[in-house]
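If you're wondering where the values come from, they're calculated on a predicted model, not measured in any experiment. As the structure lists them, so they are numbered: ligands from 1, and atoms in each ligand from 1.
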Amino acid sequence: MTADRITVGELQELLAGGWPVTVLDVRPPSDVDWEIPGAIHIDAYADLQSGRLGPLAELSLAQGPVVTVCGVGRTAAIATELLRANGVETLTLDGGMRSWSLAWNSAQTTICGCEVIQVRRTGKGCLSYIVESDSETVVIDASVEPKVYVRLIRERGWRLVAVADTHIHADHFSRSRRLAHLESAALLLPAQDRAQYPFRPVADGDRIAFGSSALVAMRTPGHTDESTTYVIDNTAAITGDTLFLNSVGRPDLEGGRQERASRARLLYTSVSRLLQLPEATQVFPGHVSEAIPFDGRMLGTTVGTIRDSVALTRLDSGEFVEAVLARIPPSPPNHSRIVEFNQRGELPEDPSELEAGANRCAVA
Ligand SMILES: [Fe+2]
């Protein structure tokens, strides 16, 4: 922390530790597609650009420092300077929301004797998983810096044996290849011919053994052709972008427009197959569509809850396809460039430049 700046890592630690802090987001409302949990939004952008506090002058602040945030940190720095001149303890979030895209937090639970840590990119909604049995672990859908997983695994005395992806991602760079390389672990991807680097292909029904447990692969195409769900002991399903907490994956990001309907039909079959799992089966998706709180609570639901509450899942095949195609959201920014990197197994020097912003892998 310098005199008037705070890094993403430092703010993440304050929020994770429950310290009092007021996050003041000064972006114009039209730029707000994602936020920091608990942030207060005050549209002072135009005033700040003219060197005035505007509505921020009226602010009554709770205890703790104020952390100002904007897109990349420039306008927030003006707010910080003006607030500090008024005697308010204020810090600017270095790099703004673009850098916040890499912030993360975690939650942990036990499933059939396996420890499961959900590692969440709070600034983007991506969920990844460390699954442990007898001190051996598998990481699924690594989406934050590899050193984060290495630290979480090593500080518990565990060992990484495999890294697996549910599909070739379009909204973030997969860190799986780098993580597997760092720890000399196996790299597993659903069988397909798009990835241009060595990996162990996973087919429907394959068992990925670790400790005294195993993940069973269930091919669930639709969101992408290769999309695969990993099932732990018929008790929990890590569903990637096939099935979310209250929606399903979008079927349109790969292939042409005319393929959308056939992919949506595949998605219907895959979702129906997942919903045939026992109703108490926990569902842990690859994304959520809101900023993830620093509350340590797992984000998940059950097959039974989805059957009862997600209207899309009660439609027949024709209705499902029609409803999904009618609700396709705008394509995620930069998705084709991100896919190219993921197919080559590469990471750009500054991932946040292409990754920043909300994920859009779900049909609302
Ligand atoms: Fe996806």
- Should the heavy atoms of other residues, nucleotides or ligands under 6.0 Å from CZ of R314 be counted, would the total exceed 12? yes
Answer yes or no for [X]: is there an N/O/S atom below the 2.8 Å cut-off from the Fe ion (ligand 1)?
X	answer
H169	no
D171	no
H167	yes

Only residue of R337, R121, K124 satisfying salt bridge (Lys or Arg N to Asp or Glu O under 4.0 Å) with E355 is R121
Side chain to side chain donor-acceptor pair (under 3.5 Å) assessment of S227 paired with T224
CA-CA 5 Å; S227 285; T224 63; 2.8 Å; yes
Atom name of the N, O or S atom of D241 nearest to the Fe ion (ligand 1) is OD2
inquiry  = Walk me through whether L275 and L243 qualify under side chain to side chain contact (heavy atoms under 4.5 Å, CB included).
reply    = CA-CA 10 Å; L275 295 181; L243 186 58; 4.0 Å; yes
